[in-house]
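Computed from a predicted model, the values in this text were never measured in an experiment.
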Amino acid sequence: MTAFVPGLEGVPAVESRICTIDVENRRIIIRGESLEKLALERRYEEVAFLLIHEHLPDADEMKEFTKSLSTERVIPSAVITGLTCMPAGIHPMDLLRTGVSGLSAYDPEIDDVSVEANKRKAVRLLAKTGLLVGNLDNISVRKTFQLADDKLSHAENILTLIKNGKTQPWMSKPFETLFILYVEHELAASTFAARVVASTLADMYGAVVAGLAALKGPLHGGANEKATEIFEFDVSGAEEYVRDKLGRKERIMGFGHRVYRRGIDPRAEIAKQLLEEACGKVGDDRLYRVADHVERLMEREKNLYPNLDFYAAALYKLMGIPPKFYTPIFAASRVAGWAAHVIEQQAENRLFRPRAIYKGPL
Ligand SMILES: CC(C)(COP(=O)(O)OP(=O)(O)OC[C@H]1O[C@@H](n2cnc3c(N)ncnc32)[C@H](O)[C@@H]1OP(=O)(O)O)[C@@H](O)C(=O)NCCC(=O)NCCS
């Protein structure tokens, strides 16, 4: 057996053509394209297409892909009814995970793991997960369900449904940019979980459910929901909050990253810029001042830097999105990344079956 590395830190577990993180040059590359450029210049649908089909769409492909997403934006009524019966206090990530699991019963190609069938399932999962995320509160609190508006983009639909129609024009662009920034990030814990499931040749729904289960944890996607706590305070209150937590050896959510050890997550840098611009548009810079102060404080005190979840939390708060939806929004975006990894894994499959170093009695 090779040497044990806790948490598989730095250990390559797959060869992939999907995404790489160039830490030195602070760049994230998705299928040869810069994530920063994609986030600032493209629509989410184009990036999802890139992940699934390995190239950016031309105009006809984009039209066809958008049409397929619209057609697939339906949820079987039995799934909605089942979710409506869940307890009202259920965490939206648990509701979403259950919903995606339920959807698997209605996919006629569930057990076909060929590349072509997997690509079609990816579109269904993308469309349906987005619609479910937009309707999480409708289902569990209002006991209703709203359809998407085909005139809106995928991201705008999710924002509009979550905000129950109460959006403002300035929100669309930063929401979409953040949504793209969340789409794919190499072998994050949830992606690895999805690939492990896919490597048994189980279906894509199961792999996505595994991804959702892993994403909920506060050390991964769940961090954006927890990171929002700090934005209840003004600058001095936030400093007190941080010092108090660090004094108790607790973690500040939205800081630190397994891959970015020596500087800010490049996605967070873009989100910080978005926050500054958005604060300017609403005429209130409190959230930006708090975030910037805490960023400097954490660098001084702990040599730790913000990750995307920190600045995403501030932006979602500015948009008036309830914190319980932050991680589901992340999930709705990351489905495209998970699907790309499932397709790649099953196209060139080798079962994941590592070994354990036994420390128990013999
Ligand atoms: C992301 C994360 C899990 C990476 O963890 P990791 O690579 O395993 O890093 P480690 O746990 O080895 O941390 C190294 C040190 O930094 C500290 N640290 C790491 N993140 C910290 C944080 N957010 N707040 C305070 N201290 C932190 C650890 O306590 C540890 O200190 P120690 O050596 O005194 O024990 C970790 O930084 C974290 O928990 N961050 C908060 C959750 C978060 O934002 N997750 C989203 C990631 S995109």
> More than 12 foreign heavy atoms under 6.0 Å from CD of Glu15: is that the case here?
Replying inline: no
> Are there more than 12 heavy atoms of other residues, nucleotides or ligands under 6.0 Å from atom NZ of Lys143?
Replying inline: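 Yes, enclosed.
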When you compare the side chain of [Y] with that of [X], does any pair of heavy atoms fall below 4.5 Å?
{"X": "Val133", "Y": "Phe325", "answer": "no"}
{"X": "Val235", "Y": "Arg286", "answer": "no"}
{"X": "Ile110", "Y": "Tyr205", "answer": "yes"}
{"X": "Asp149", "Y": "Thr160", "answer": "no"}
{"X": "Tyr316", "Y": "Leu178", "answer": "yes"}
{"X": "Phe255", "Y": "Val294", "answer": "yes"}
{"X": "Asp265", "Y": "Glu269", "answer": "no"}
{"X": "Trp338", "Y": "Leu215", "answer": "yes"}

> Relative to the ring of Tyr44, is the ring of His154 parallel (under 30°), tilted (30 to 60°) or perpendicular (over 60°)?
Replying inline: parallel
> Which is it for Glu250 and Arg248 under the salt bridge (charged side-chain N to carboxylate O under 4.0 Å, His left out) test, yes or no, and what are the steps along the way?
Replying inline: CA-CA 5 Å; Glu250 288 178 22; Arg248 281 186 276 118; 2.5 Å; yes
Residue pair [X] / [Y], side-chain donor-acceptor N/O under 3.5 Å:
{"X": "His341", "Y": "Glu186", "value": "no"}
{"X": "His53", "Y": "Glu61", "value": "no"}
{"X": "Asn135", "Y": "Gln146", "value": "no"}
{"X": "Asn224", "Y": "Tyr182", "value": "yes"}
{"X": "His185", "Y": "Thr191", "value": "no"}
{"X": "Tyr305", "Y": "Glu295", "value": "no"}
{"X": "Asn303", "Y": "Glu299", "value": "no"}

What are the two closest non-hydrogen atoms of [X] and [Y], and how far apart are they?
{"X": "Ala314", "Y": "Leu287", "answer": "O-CD1, 3.7 Å"}
{"X": "Leu38", "Y": "Leu56", "answer": "CD2-CD2, 4.2 Å"}
{"X": "Leu351", "Y": "Ser199", "answer": "CD1-O, 3.5 Å"}
{"X": "Ala48", "Y": "Leu126", "answer": "CB-CD2, 3.7 Å"}

> Ring centroid separation for Phe310 and Phe231, is it under 6.0 angstrom?
Replying inline: yes
>> I want to know whether Phe179 and Phe330 have ring centres closer than 6.0 Å.
In response: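 No, too far apart.
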>> With salt bridge (charged side-chain N to carboxylate O under 4.0 Å, His left out) as the criterion, how do Asp94 and Arg97 come out once you've worked through the C-alpha distance, each side chain's angles and the decisive distance to 0.1 Å?
In response: CA-CA 5 Å; Asp94 298 334; Arg97 198 190 62 235; 3.0 Å; yes
Verify, without hydrogens or angle tests, whether [X] (side chain) and [Y] (backbone) share a donor-acceptor contact under 3.5 angstrom.
{"X": "Glu176", "Y": "Met171", "result": "no"}
{"X": "Glu156", "Y": "Ser153", "result": "yes"}
{"X": "Gln346", "Y": "Ala198", "result": "yes"}

> How long is the span from the CD1 atom in Ile329 to the OH atom in Tyr326, to the nearest 0.5 Å?
Replying inline: 8.0 Å
Taking only Lys NZ, Arg NE, NH1 and NH2, and the carboxylate oxygens of Asp or Glu, determine whether [X] and [Y] approach each other closer than 4.0 Å.
{"X": "Glu109", "Y": "Lys119", "value": "no"}
{"X": "Glu232", "Y": "Lys317", "value": "yes"}
{"X": "Arg243", "Y": "Glu239", "value": "yes"}

>> One pair to check against salt bridge (charged side-chain N to carboxylate O under 4.0 Å, His left out): Asp107 and Arg124. What are the steps and the verdict?
In response: CA-CA 9 Å; Asp107 195 312; Arg124 288 180 205 131; 2.8 Å; yes
>> Applying salt bridge (charged side-chain N to carboxylate O under 4.0 Å, His left out) to Lys324 and Asp137, what does each step give before you reach the verdict?
In response: CA-CA 10 Å; Lys324 62 183 179 178; Asp137 236 16; 2.9 Å; yes
